[in-house]
Amino acid sequence: MHLPHGDVEIPAFMPVGTNGTVKAVKHNSVDDMGYTLILGNTYHLYLRPGMEVIKAAGGLHKFSGWKHNILTDSGGFQVFSLAPFRKIREEGVRFRSHVDGAYHEFTPEKVVEIQETLGSDIQMVLDVCTAPGISHKEAVKSLEITSRWAKRAKTRWENCRDDYQGKLFGIIQGNFYEDLRKRSAEEILELDTPGIAIGGLSVGETPEMFRDFLHYTAQFLPEDKPRYVMGIGTPDYMLEAVEAGIDMFDCVYPTRIARNGTCFTLDGNLALKNEKFRLDQQPIEPTCTCPVCQQYSRSYLRHLFKAKEILGPMLVTEHNLHFLHTFMAEVRQSLREGRFLEYKKNFLDRFQKR
RNA sequence: GGGGAGGUUCCCGAGUGGUCAAAGGGGGCAGACUGUAAAUCUGUUGCUUCGGCUUCGAAGGUUCAAAUCCUUCUCUCCCCA
């Protein structure tokens with residue numbers, strides 16, 4: 001995939017850096033692992049430090065010191081996750097800041113402008129993400145607003161400054177109704193944005209529903225554009241997505257569980273705080289080539305977490321991101337060699353996520 | 001030597017006659033986490049053959065009933081000399 005700050009090999013996992021930082025790791029480390037595309041978040045950065053600060057720095061890249069690509073989420077997910085503090089109207093969404101309670105409003109146009117100021121290499125349209133369990137009628141309403149907002153965003157994006165080269169991705173919604181997923185896909189594809197995202201997955205549904213709606217929705221997507229499933233980050237979900245033709249995914253999961261003491265291994269998740277690792281002299285994953293696994297034992301890492309030392313979350317975050325990067329490199333290799341399904345089967349046979 | 005305060009379940013610390021196996025922290029153990037209001041949150045934490053049993057410095061006593069009241073002992077801390 002070709003982006004303003006360099007090419008990105010796909011399919012790819014993108015670490016999440018909500019506040020202009022992938023939590024607990026330096027940009028240099030993320031860079032060293034091989035990542036060339038990370039996320040930022042419109043909602044968070046707009047509220048703090050605020051656009052004046054980022055504008056003064058000359059955009060998010062310069063402000064944060066990350067020299068590769070940045071995809072920014074639109075704030076659509078916060079419309080969902082911060083639901084108690086928001087009100088959706090045709091014009092946009094009114095919400096209260098989780099930082100100081102102040103009222104703000106996002107419109108599709110304003111969100112494009114913010115992301116233009118951020119200098120996003122990929123920006124997402126403002127959408128309405130919904131949880132499983134809502135009625136068909138409610139799902140229609142959210143889908144329709146999402147489509148109208150996407151159209152407005154596209155129009156505004158086409159009028160960005162000439163020197164702004166960031167791409168715009170539309171987002172498919174439709175909740176967990178096949179007819180609505182199909183309809184949303186059609187309406188979003190019609191806008192002909194440079195890339196397409198599937199939103200509204202991984203929002204509390206069962207793995208079976210995730211799988212069904214992932215494959216169902218993905219079938220409508222064109223093969224000549226980047227396809228992005230938002231919000232997934234476990235190896236099993238990622239393999240499922242790749243099989244469905246998806247090129248990109250992001251998730252807080254790998255970095256969040258790392259901060260809470262859980263790491264990825266080829267045999268599944270491992271909760272380092274568990275008593276059984278007290279004397280375990282092995283690295284997290286014996287076959288892993290990451291700097292953390294070259295230097296530290298499970299026993300020591302467990303100690304860091306029990307002692308609440310900041311180094312624990314840092315090291316495990318680095319390992320988890322390194323693990324996923326290596327994993328995706330292997331996935332790409334298997335695709336090139338035409339043996340992806342075999343790779344997937346072998347990987348999952350060993351990796352049992354608890 | 002004189003005066004004062006106090007010893008509570010692994011630790012700190014509430015509790016001053018029954019609603020107390022005993023609040024709340026911490027620690028321990030376990031679980032959760034999927035477009036980040038998350039270095040967060042939740043559960044659990046005397047023993048048990050699930051009928052009960054043992055526990056609040058120790059020993060005696062008062063009472064239908066004591067961690068709580070009385071007596072003695074013991075230990076700790078603070079102040080004065």
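Just so it is clear, the model here is predicted, and its values are computed rather than measured. Letters go in sequence order (proteins before strands), and every chain restarts at 1.
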*Asks:* Hunt down the Watson-Crick or G-U wobble partner of B:G24, both distances under 3.5 Å, from any strand shown, or write none.
*Replies:* B:C12
*Asks:* How should the glycosidic conformation of B:G52 be described, syn or anti, under the criterion that syn lies within 90° of 0?
*Replies:* anti
*Asks:* What is the distance, to the nearest angstrom, from the OH atom on A:Tyr43 to the C1' atom on B:A37?
*Replies:* 7 Å
*Asks:* Could you tell me how far apart A:Asn269 (CG) and B:G31 (C1') are, to the nearest whole angstrom?
*Replies:* 13 Å
*Asks:* What is the pairing partner of B:C69, taking Watson-Crick or G-U wobble pairs with both distances under 3.5 Å in any strand?
*Replies:* B:G61
*Asks:* Quick check on B:C29: is either OP1 or OP2 less than 4.0 Å from any side-chain nitrogen or oxygen of A:Lys276?
*Replies:* no
*Asks:* Which nucleotide, B:G35, B:C33, B:G31, lies nearest any side-chain atom of A:Cys251?
*Replies:* B:G35
*Asks:* Could you tell me whether the side chains of A:Ser29 and A:Glu318 share a donor-acceptor contact shorter than 3.5 Å?
*Replies:* no
*Asks:* Check the orientation of A:His68 and A:Trp66. Use parallel for under 30°, tilted for 30 to 60°, and perpendicular for over 60°.
*Replies:* perpendicular
*Asks:* Rounded to whole angstrom, note down the C1' distance from B:U48 over to B:U54.
*Replies:* 11 Å
*Asks:* Between B:A37, B:C29, B:A39, spot the one nearest the side chain of A:Lys306, thanks.
*Replies:* B:C29
*Asks:* List every contact pair, protein side and nucleotides 43-45 of chain B side both N or O, where the distance is under 3.5 Å.
*Replies:*
none

*Asks:* Between A:Asp31 and A:Lys26, is the salt bridge (Lys or Arg N to Asp or Glu O under 4.0 Å) condition met? List the steps.
*Replies:* CA-CA 9 Å; A:Asp31 191 348; A:Lys26 293 193 294 179; over 6 Å; no
*Asks:* Closest approach to the side chain of A:Gln78, judged atom by atom: which nucleotide of B:A37, B:C29, B:G35 is it?
*Replies:* B:A37
*Asks:* Taking any heavy-atom pair under 4.0 Å as a contact, classify A:Lys23: base, sugar-phosphate, or nothing.
*Replies:* base
*Asks:* Please tell me if A:Asn41 has a side-chain N or O lying less than 4.0 Å from either OP1 or OP2 of B:G35.
*Replies:* no
*Asks:* Could you check which nucleotide pairs with B:U36 in any of the strands shown, counting Watson-Crick or G-U wobble with both distances under 3.5 Å?
*Replies:* none
*Asks:* Verify the distance criterion only: is there a donor paired with an acceptor across the side chains of A:Asn320 and A:Tyr253 at less than 3.5 Å?
*Replies:* no
*Asks:* Mind checking A:Ile171 for me? I need base, sugar-phosphate or nothing, with any heavy atom below 4.0 Å counting as a touch.
*Replies:* base
*Asks:* Would you say a side-chain N or O of A:Asn274 is under 4.0 Å from OP1 or OP2 of B:G31?
*Replies:* yes
*Asks:* Is B:U76 paired to anything, Watson-Crick or G-U wobble with both distances less than 3.5 Å, and if yes, which nucleotide?
*Replies:* B:A5
*Asks:* Considering only side-chain heavy atoms of A:Arg259, which listed nucleotide, B:U36, B:G35, B:A30, is closest?
*Replies:* B:U36
*Asks:* Could you check which of B:C29, B:A39, B:U40 has an atom nearest any side-chain atom of A:Arg302?
*Replies:* B:C29
*Asks:* I need the CZ-P distance between A:Arg278 and B:G28, as an integer number of Å.
*Replies:* 12 Å
*Asks:* If I take atom CZ in residue A:Phe80 and atom C1' in nucleotide B:A37, what distance separates them, rounded to the nearest angstrom?
*Replies:* 14 Å
*Asks:* I'd like the C1' distance from B:G6 over to B:U16, given in whole Å.
*Replies:* 14 Å
*Asks:* Considering only atom C1', compute the distance from B:U62 to B:U72 and round it to an integer number of Å.
*Replies:* 15 Å
*Asks:* Please state how far atom CG in A:Leu272 lies from atom C1' in B:C29, giving the value in whole angstrom units.
*Replies:* 16 Å
*Asks:* Using the P atom on both, measure B:G60 against B:G15 and round to a whole Å.
*Replies:* 28 Å
*Asks:* Should the pair A:Phe106 and A:Phe95 be assigned to parallel (<30°), tilted (30 to 60°) or perpendicular (>60°) ring geometry?
*Replies:* perpendicular
*Asks:* Figure out the NE2/C1' separation between A:His303 and B:G28, and round it to whole Å.
*Replies:* 16 Å
*Asks:* Using atom P of each nucleotide, how far apart are B:C73 and B:A22 to the nearest Å?
*Replies:* 35 Å
*Asks:* Is any side-chain heavy atom of A:Pro254 less than 4.5 Å from a side-chain heavy atom of A:Phe13?
*Replies:* yes
*Asks:* If you assign A:Pro313 and A:Thr130 each to the RNA chain B nucleotide with the nearest heavy atom, which residue ends up on the more 5' nucleotide?
*Replies:* A:Thr130
*Asks:* Mind checking the P distance from B:U8 to B:A23? Whole angstroms is fine.
*Replies:* 15 Å
*Asks:* Are the side chain of A:Glu285 and the backbone of A:Leu266 linked by a donor-acceptor contact shorter than 3.5 Å?
*Replies:* yes
*Asks:* Pairing donors with acceptors under 3.5 angstrom, does anything connect the side chains of A:His215 and A:Glu240?
*Replies:* yes
*Asks:* Could you work out which one of B:G27, B:G35, B:C33 sits closest to the side chain of A:Thr262?
*Replies:* B:C33
*Asks:* Taking atom C1' in both B:A67 and B:A21, compute the distance separating them and give it to the nearest angstrom.
*Replies:* 11 Å
*Asks:* Base of B:U36, side chain of A:Ser81 - is there a donor-acceptor contact under 3.5 Å?
*Replies:* no
*Asks:* How would you label the contact of A:Phe85 with the nucleic acid (heavy atoms, under 4.0 Å): base, sugar-phosphate, or nothing?
*Replies:* base
*Asks:* Does the B:G35 base have a donor-acceptor partner in the side chain of A:Asp127 within less than 3.5 Å?
*Replies:* yes
*Asks:* Expressed in whole Å, how much space separates the P atoms belonging to B:C10 and B:U55?
*Replies:* 14 Å
*Asks:* Any base atoms under 4.0 Å from A:Gly233, or only sugar-phosphate, or nothing? Heavy atoms, all strands.
*Replies:* base
*Asks:* Could you check how far CD of A:Gln173 sits from P of B:G35, rounded to whole Å?
*Replies:* 14 Å
*Asks:* Would you please test A:Glu105 and A:Lys110 for salt bridge (Lys or Arg N to Asp or Glu O under 4.0 Å) and show each step?
*Replies:* CA-CA 9 Å; A:Glu105 176 154 25; A:Lys110 182 171 181 180; over 6 Å; no
*Asks:* Checking all strands, does A:Asp250 fall into the base, sugar-phosphate, or nothing category for heavy-atom contacts under 4.0 angstrom?
*Replies:* sugar-phosphate
*Asks:* Between the side chains of A:Thr130 and A:Asn175, does any donor sit under 3.5 Å from an acceptor?
*Replies:* yes
*Asks:* Taking the side chain from A:Trp149 and the backbone from A:Arg152, do they hold a donor-acceptor pair closer than 3.5 Å?
*Replies:* no
*Asks:* Starting the side chain at C-beta, find the nucleotide from B:C33, B:A39, B:U36 nearest to A:Val16.
*Replies:* B:U36
*Asks:* Strictly by Watson-Crick or wobble contacts shorter than 3.5 Å, is anything paired with B:C41, and which nucleotide is it?
*Replies:* B:G31
*Asks:* Measure the distance from CG on A:Asn260 to P on B:A39 and round it to the nearest whole Å.
*Replies:* 8 Å
*Asks:* Strictly by Watson-Crick or wobble contacts shorter than 3.5 Å, is anything paired with B:G17, and which nucleotide is it?
*Replies:* none
*Asks:* For A:Glu205, report the nucleic acid contact type (base, sugar-phosphate, nothing); a contact means any heavy atom under 4.0 Å.
*Replies:* nothing
*Asks:* Base, sugar-phosphate, or nothing for A:Thr255, non-hydrogen atoms under 4.0 angstrom?
*Replies:* base
